[in-house]
Structure formats: C-alpha cells, structure tokens
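The structure appears right after this line, and notes come after that.
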Amino acid sequence: MKVNYMLNWAEYFTVLLMVIGFLIAITLDNMALNLAVIFIAGLMAGRLLYGREKMHKFTHYLIVAGFLVGYMLGSYSYSRKIIAAVFVISTILSYWLHKKGYVGKYLPVKDPHKQHW
Amino acid sequence: MELLDRIRKYFAFDSGELNALLITITIYGLIVSFSFDIGEASLAAWSRYLLPSLLIAALAIMIHVAVIRAASLRIGYKAEYKMNYYVLAFALVLSIVTRGRIYFIVPGIIMFHMLEGLRIGKFRYGINWWEVRWPLFFGVLSNILLALLFRVLSNVGNFAGNPLIEKVILVNLSIAFFSMLPLPDFEGLYIYFSSTLVYAFTFSLMAGACLAIYLNLGFWVSIIIPIVIGVSGWLIYLVKVEMK
C-alpha cells in the first residue's frame, strides 16, 4: 500500500506524539515530575490549539489527544485521572491566557515583500 | 564611530524584549541548575546552585543576543528578540526527563526589521537571507569564543576542575551547536536558506569547534581543527551534493 504522508500527516503526528508521550511518562518515576511535565505539555497544547483556531482545528485536537493518551498509558503507576485533569486545566489556562492577550501569539512573517522577518 | 553611534541610538531593548529575555534566562537557569551533581535531593541544596546557574544562562544568552543586535545594526537592520515557547517547553521537559543530563539550550527567535535610513544606497536594499546570516553567524561565533576563553581559564591552576566553569563552557557550546540546526525559527535556517554551501561550511566549523573545545584539545588545536572540519564539510557537500 502506498503511503501518502501529505494526506495522513495528522494520523502520523498523533501516533508519533503518542509514542513520545508514552516514553516520557515511563521514564519519570516521580508524581511531582509527572505533573510538572504534563502541566508544561498542557500549556503548549493550549498555545497550539489557539494558534490553529481557524484551520485544521480537529486535526490538532487529535494530535493533542494522542499525546495525552500516550502519556496516560505510560504513567500506569500514578493516578491517570489527576494527570488528565492537570493537562486539561493547563490547556484551558494557556488557551485563555492567549485569548486575553496576556501571552503573545507569534507567527513568523515569511513574506519577503514585508520588511519584517 | 558610526557603529558606536548606531548602538547608542538603537541598541536598547524594549520592555517586551526584556520580559522575553528574563523568562528565557530563568528557564535556562533552572535547566542548568538541574544538571549540577547536588548529591542530596533537597530544595536547600539545589537552591545553592540556582543563582550561579541563572548567571551562567544570562551570560551566554545576553552575549549571543547582544552580538547579533550590534552586528545587525552594522548592516542597517534591527534584530528583535522573541521567546520561542515550544523550544523552551521542550528544553524544560527534556531536562526533567533526563534529570538534567542533557540540556537543549537555544535562544529565542530573532526577527529582523529594516532601518530604512541606515540602508539607503546599500546593495540588496531590503531584508534578505544573504545579509541577515552575518549577524547570526557572529552571534554563534561569540558563544564559541566565550567557551574557548573559559576552556583556556579551566586549564589555569586555580580554575582547573571548577564545575561552574565547565557549565559555562557546556552552556555556550550547547547554544552554538543547537542554534546552527536548520530547524524552523533557529538561526541555522537563515544561514541554510542563504546558501547551502555556506551552511555546510559554517555548521561543520561550529560542530568541529564544539567538539574540540568540549574535548579540551588545547587552544591552537581548538582553532585549527574546526577550520579543517569546516573546509572538509564544505568540500564533501560540494562534491557529493552540488556537483551531482
């Protein structure tokens, strides 16, 4: 079967992030570090979802969910409910901070005719 | 004198840039502090290393950004500093996961603005890859030179084996190496887009310098080996890629 990466990039990224989340989770043997990492990941997820709020919205939700599922699979010896709750709270917090303008959204301008790079 | 005048007029950082620099330095300071061999796992023991770590991160990042800023003013651009949120988060997570053994330190995004008055009459008037690579190259070079200076210091009697000096060297080499990767918003990408041949030379040069300084091969060897590796990288790329 011929694989088309351009058409199925969301699925590949979902699986990739699931594996990364799983690997990160199994290397952490401390609940505090687990929560710190999932909090940071949630902040980044909020930024990613806010930056893509007008295009490919569902695909980015899929990718973020893939990471969370991988992470929860890897953190088998800790409370998965708490991990999921921290992730969701930090994602919403980050999204809200971006929406209110407390955190800047930076999208690089690559147009050579605009004199700002 | 003209450059000094430009620096006096345009060098100052605005509040947004200062905030971005402060947050970047704090996060990288935390990452550097994780990498110290503390012995006992207590907050008090770790906090002893926090201030030196913040100073090390501040020195490396400020030198890098300041050199880029000054060099870009020389050619009539203003380099603005922006935080790279994804890289900061990735660096922090990597540091936590590896317990500070690996640290990935890359300064934020550099955005260039043209100062029209300073570019009047210049060849290639607008902003272009060819011109912006020079400030970025000098920014990376400044970290290599700083690492080399501290490597020389680390071989002098009283400073030999000092863990703080070793950290200064590692942080500067990390900035120099990772900044040169051709990834989105990294400085290596600007050099890569300006010319792939120049990138092959510059990346090999920087990688060779990082290796020579890290392995403590001596002052002159640390200067000669990067040039040899740089020319070899350029030649290999020319023969294997460009001439095919």
Side-chain angles (χ1 to χ4, degrees), chain A residues 13 16-17 19-52 60 63-64 67 70-71 74-75 87 90-91 93-95 97-98 101-117, chain B residues 15-17 19-20 23 27 30-31 34 41 43 72 76-102 108-116 119 124-133 135-136 184-187 189-190 193-194:
Chain A
F13 264 104
L16 180 72
L17 278 181
V19 172
I20 291 172
F22 181 79
L23 290 176
I24 290 174
I26 57 168
T27 50
L28 295 172
D29 53 0
N30 184 326
M31 187 62 183
L33 291 182
N34 245 308
L35 291 181
V37 168
I38 202 68
F39 185 77
I40 296 166
L43 292 179
M44 285 304 106
R47 184 175 173 80
L48 182 78
L49 295 177
Y50 182 74
R52 306 291 186 278
H60 286 88
I63 290 168
V64 168
F67 176 81
Y71 199 91
S75 53
F87 185 78
S90 61
T91 305
L93 176 73
S94 170
Y95 193 93
L97 287 172
H98 281 87
Y102 295 119
V103 181
K105 189 176 80 167
Y106 165 68
L107 290 172
V109 180
K110 292 282 157 75
D111 184 356
H113 301 294
K114 290 185 180 162
Q115 295 297 316
H116 303 281
W117 279 12
Chain B
S15 63
E17 282 176 291
N19 286 342
I23 294 170
I27 290 176
L30 281 174
I31 290 171
F34 293 154
L43 202 63
S72 55
Y77 298 138
K78 186 167 184 179
E80 187 189 351
Y81 181 79
K82 297 249 180 199
M83 252 193 303
N84 194 338
Y85 293 88
Y86 294 115
V87 166
L88 284 177
F90 176 74
L92 201 54
V93 169
L94 189 70
S95 175
I96 291 171
V97 168
T98 61
R99 303 287 194 283
R101 281 186 212 101
I102 299 174
I109 301 158
I110 304 290
M111 278 180 78
F112 287 95
H113 304 275
M114 190 170 80
L115 300 169
E116 283 86 354
R119 293 284 302 165
R124 301 190 184 101
Y125 172 75
I127 298 180
N128 55 77
W129 300 114
W130 197 260
E131 294 279 16
V132 299
R133 70 185 176 170
L136 300 171
D185 294 329
F186 281 38
E187 287 148 28
L189 195 75
Y190 288 82
F193 277 169
S194 75

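The figures here come from the full heavy-atom set of this structure, side chains too, leaving out hydrogens, waters and symmetry mates.
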Q: Hey, could you give me each pair passing salt bridge (Lys or Arg N to Asp or Glu O under 4.0 Å) that has a residue in residues 86-98 of chain B? Not counting sequence neighbours.
A: none
Q: Would you please go through residues 19-27 of chain A and name the residues with a non-hydrogen atom below 4.5 Å from one of chain B, in numerical order?
A: A:I24, A:T27
Q.
Measuring from atom CD1 of A:I40 to atom CD1 of B:I96, what distance do you get when rounded to the nearest 0.5 angstrom?
A. 4.0 Å
Q: Could you tell me which residues satisfy side chain to side chain contact (heavy atoms under 4.5 Å, CB included) with A:N30, sequence neighbours excluded, listed by chain and number?
A: A:A32, A:L33
Q. Mind checking whether A:M44 and B:F90 have side chains closer than 4.5 Å, heavy atoms only?
A. no
Q.
According to salt bridge (Lys or Arg N to Asp or Glu O under 4.0 Å), does anything in residues 20-30 of chain A pair up with another residue at least two apart or in another chain? List the pairs.
A. A:D29-B:R99
Q. Is B:Y85 close to A:L43 at the side-chain level, that is, under 4.5 Å between some pair of heavy atoms?
A. no
